[in-house]
Number of protein chains: 2
Amino acid sequence: MEEQARTNTISLSEKAYQTIRALILGNEFRAGEQILEKVLVERLSISRTPIREACIQLQKEGLIEIRPRRGIYIKPISAADMNEIYDIMSALEAQAAKVLANKISQKKITNKELEKLETPTVNMEKALETKNLKAWAEADEEFHLALLELCGNKRLKEAVLKYWGQVHRVRYFTLELRGQPSDSTDDHRALLDAIRSGNPRKAADIHEHHRQKAKQNLLDIIEKFERITVASPFC
Amino acid sequence: MEEQARTNTISLSEKAYQTIRALILGNEFRAGEQILEKVLVERLSISRTPIREACIQLQKEGLIEIRPRRGIYIKPISAADMNEIYDIMSALEAQAAKVLANKISQKKITNKELEKLETPTVNMEKALETKNLKAWAEADEEFHLALLELCGNKRLKEAVLKYWGQVHRVRYFTLELRGQPSDSTDDHRALLDAIRSGNPRKAADIHEHHRQKAKQNLLDIIEKFERITVASPFC
DNA sequence: ATTTATCTTAATGTATACACTATTGTGACA
DNA sequence: TGTCACAATAGTGTATACATTAAGATAAAT
């Protein structure tokens, strides 16, 4: 078992990256807001170098934009951006479902591993009954993450998580506004069944439709939002 | 028409990024090779700061790996990596084909724009007759790039290009070894027809199969290669 | 009062000095 | 001769000084 030599001292660049990323995902900054390096330097009490290195990473992840000589800006997410991102996630997660269903039919997945999908599905169904929206959202996230893990494609997982991060803000602000997630919960159950029965095509189709519905749902909300307020919180 | 204020002075970080990227894609370094910052500093005649900033970007693109306190390493591509990358490209490009076919049926694409697909298809067919492998590969690349452009999803395009960069080295070394591209050329023609007739499902299926075949072709070559030589040039 | 030119300021971009640590080499001891 | 401890070295990580430039302020001219 290969164990990589890990330094127990985490670099300041890495620490800065994680901290700033958490600040952005935690909606500590407004969409479009400019962030001065100085502010981050003072907030994290480290020098500019690791701050800058962290920001370059965050730019590559699409969370911020660095305009040359102008500074760092929190990237807003428009409806058009949402459309792009959900189409990508649709395709990638459907691919993950397909790969996983194939693994099932080739007996490359144990029952214990499938529980990582079963458990959050059950939790979603429970949360739906008790109308616990937050618990539902967490189980939903857990399900999709487990699917990405189980498919085994690390790059695919990283890619989806990158886009997930980009829409995190929108999902955060729209959680209460989204419709009752009963449909969505049924989708998960159906997807799990398709995967279990080793049907790649069906699994992919279900996931694809699942995400396309979610996309339309969010786009509708954004549209409504933009009609009642000039400056929506996410774009 | 919004024109972004562009400084005609390109930053050294950006210059370093482009230069080092070109060096990697041009196979100036071996897979797995360690590159000292010092070497890049001397080669580009700039200080360490922009070099480091460029390398962070290249790491995010998957072209190099920065091991803490150990240095910069050119990322090798294994068969497993190829498998991951081609599955992702399959899914994303199939999505692009789907979106484009939908645009056709909604009359959102002009004939002039479709020529960006027609021209490289014709060029592939010509190159196939004259057995000009290099011209064929260029037309192939042009076709896939045009598809990404026309689908209109910039993030999708950027994502595919990122993975394209990761497999660039392998494709470079295997161009001669890959089989006759007549099958592949037929795929392009069929894909173009499906897009023209506004059939998203068919277009996506064709592209999906197209990439899956390409994947298997490359994996077979890599396997053969690894049997005759311990150190293949790409992994 | 408005516009334009110039100057000032403050922020980012780059170079470099310093800090820290992984690696390598040397020598003592078994 | 082989192994371990320790020191020397070289390379990466971080802080900071300096360079450059965009944005804002001030003042002059119309």
Side-chain angles (χ1 to χ4, degrees), chain A residues 2-24 28-30 32-75, chain B residues 2-24 28-30 32-75:
Chain A
E2 198 179 68
E3 186 73 23
Q4 56 183 351
R6 83 173 55 159
T7 45
N8 39 5
T9 55
I10 192 172
S11 77
L12 291 183
S13 286
E14 180 63 19
K15 185 192 157 198
Y17 165 73
Q18 289 171 1
T19 307
I20 299 171
R21 187 170 189 277
L23 287 175
I24 296 172
E28 294 264 341
F29 304 113
R30 290 200 170 195
E33 182 179 353
Q34 182 184 26
I35 313 290
L36 297 183
E37 287 180 358
K38 198 179 168 186
V39 171
L40 296 172
V41 162
E42 285 167 4
R43 187 141 183 181
L44 305 196
S45 303
I46 56 180
S47 77
R48 287 177 62 208
T49 306
I51 296 286
R52 286 179 62 89
E53 294 190 346
C55 287
I56 289 168
Q57 290 187 269
L58 293 166
Q59 178 175 44
K60 279 277 176 184
E61 282 180 35
L63 291 178
I64 65 175
E65 182 186 350
I66 303 175
R67 292 198 239 169
R69 287 257 171 228
R70 297 295 222 55
I72 302 155
Y73 294 82
I74 302 297
K75 260 207 160 180
Chain B
E2 198 179 69
E3 186 72 24
Q4 58 183 348
R6 81 173 57 157
T7 44
N8 39 7
T9 56
I10 191 174
S11 77
L12 292 183
S13 285
E14 180 62 20
K15 186 190 155 198
Y17 164 73
Q18 289 172 2
T19 307
I20 298 171
R21 187 170 189 278
L23 288 173
I24 295 172
E28 293 264 341
F29 304 113
R30 290 197 170 196
E33 181 179 353
Q34 183 186 25
I35 312 291
L36 296 182
E37 286 180 359
K38 200 179 166 185
V39 172
L40 296 173
V41 162
E42 285 167 4
R43 187 141 181 181
L44 305 197
S45 304
I46 56 178
S47 78
R48 285 178 63 209
T49 306
I51 295 287
R52 285 180 62 88
E53 294 190 345
C55 287
I56 289 167
Q57 291 188 269
L58 293 166
Q59 177 175 45
K60 279 278 177 183
E61 281 180 36
L63 292 178
I64 66 175
E65 182 186 349
I66 302 175
R67 292 197 237 169
R69 289 255 171 230
R70 296 295 222 54
I72 301 155
Y73 294 83
I74 302 297
K75 259 209 160 177

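Proteins get letters first, then strands, A, B, ... in listed order; numbering begins at 1 in each.
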What residues in residues 35-44 of chain A put a non-hydrogen atom under 4.0 Å from any atom of DNA chain D?
none

Taking only side-chain nitrogens and oxygens of A:S13, does any of them come within less than 4.0 Å of OP1 or OP2 of D:dT14?
yes

Applying side chain to side chain contact (heavy atoms under 4.5 Å, CB included), run through B:L40 and B:C55 and close with a yes or a no.
CA-CA 10 Å; B:L40 296 173; B:C55 287; 4.1 Å; yes

Which residues, if any, of residues 46-55 of chain A bring a heavy atom under 4.0 Å of DNA chain C?
A:R48, A:R52

The test is side chain to side chain contact (heavy atoms under 4.5 Å, CB included); show your working for B:E37 and B:I72 and say whether it passes.
CA-CA 8 Å; B:E37 286 180 359; B:I72 301 155; 3.9 Å; yes

Between C:dT12 atom P and A:R67 atom CZ, what is the distance in whole Å?
13 Å

Do the non-hydrogen side-chain atoms of B:I20 and B:L44 ever get within less than 4.5 Å of each other?
yes

Take B:R52 and A:T49, measure what side chain to side chain contact (heavy atoms under 4.5 Å, CB included) needs, and give me the verdict at the end.
CA-CA 10 Å; B:R52 285 180 62 88; A:T49 306; 5.6 Å; no

Kindly determine whether B:R43 and B:T19 satisfy side chain to side chain contact (heavy atoms under 4.5 Å, CB included), including the steps that lead there.
CA-CA 10 Å; B:R43 187 141 181 181; B:T19 307; over 6 Å; no

Rounding to a whole Å, what distance do you find between B:R69:CZ and D:dT12:C1'?
5 Å

Taking CD1 from A:I10 and P from D:dT14, how many angstroms apart are they, rounded to a whole number?
10 Å

To the nearest Å, how far apart are A:Y17 OH and D:dT14 P?
16 Å

Whole Å only: how far is the CD1 atom of A:I72 from the P atom of C:dA10?
19 Å

Among residues at least two apart in sequence or on other chains, which ones pass side chain to side chain contact (heavy atoms under 4.5 Å, CB included) with B:E14?
B:I10, B:S11, B:Y17, B:Q18

Given 3.5 Å as the limit, does a donor-acceptor pair link the side chain of A:Q59 with the main chain of B:Q57, or not?
no

If only side-chain N and O atoms of B:R70 are considered, is one of them under 4.0 Å from the OP1 or OP2 phosphate oxygen of C:dT23?
yes

To the nearest angstrom, how far is B:K15 atom NZ from C:dT14 atom P?
11 Å

For the pair A:E53 (side chain) and A:A16 (backbone), establish whether a donor and an acceptor sit closer than 3.5 Å, ignoring hydrogens and angles.
no

Between A:P50 and A:I46 the two heavy atoms that sit nearest each other are CG-CD1, 3.8 Å

Find the distance B:I56:CD1 to D:dT12:P and express it as a whole number of Å.
13 Å

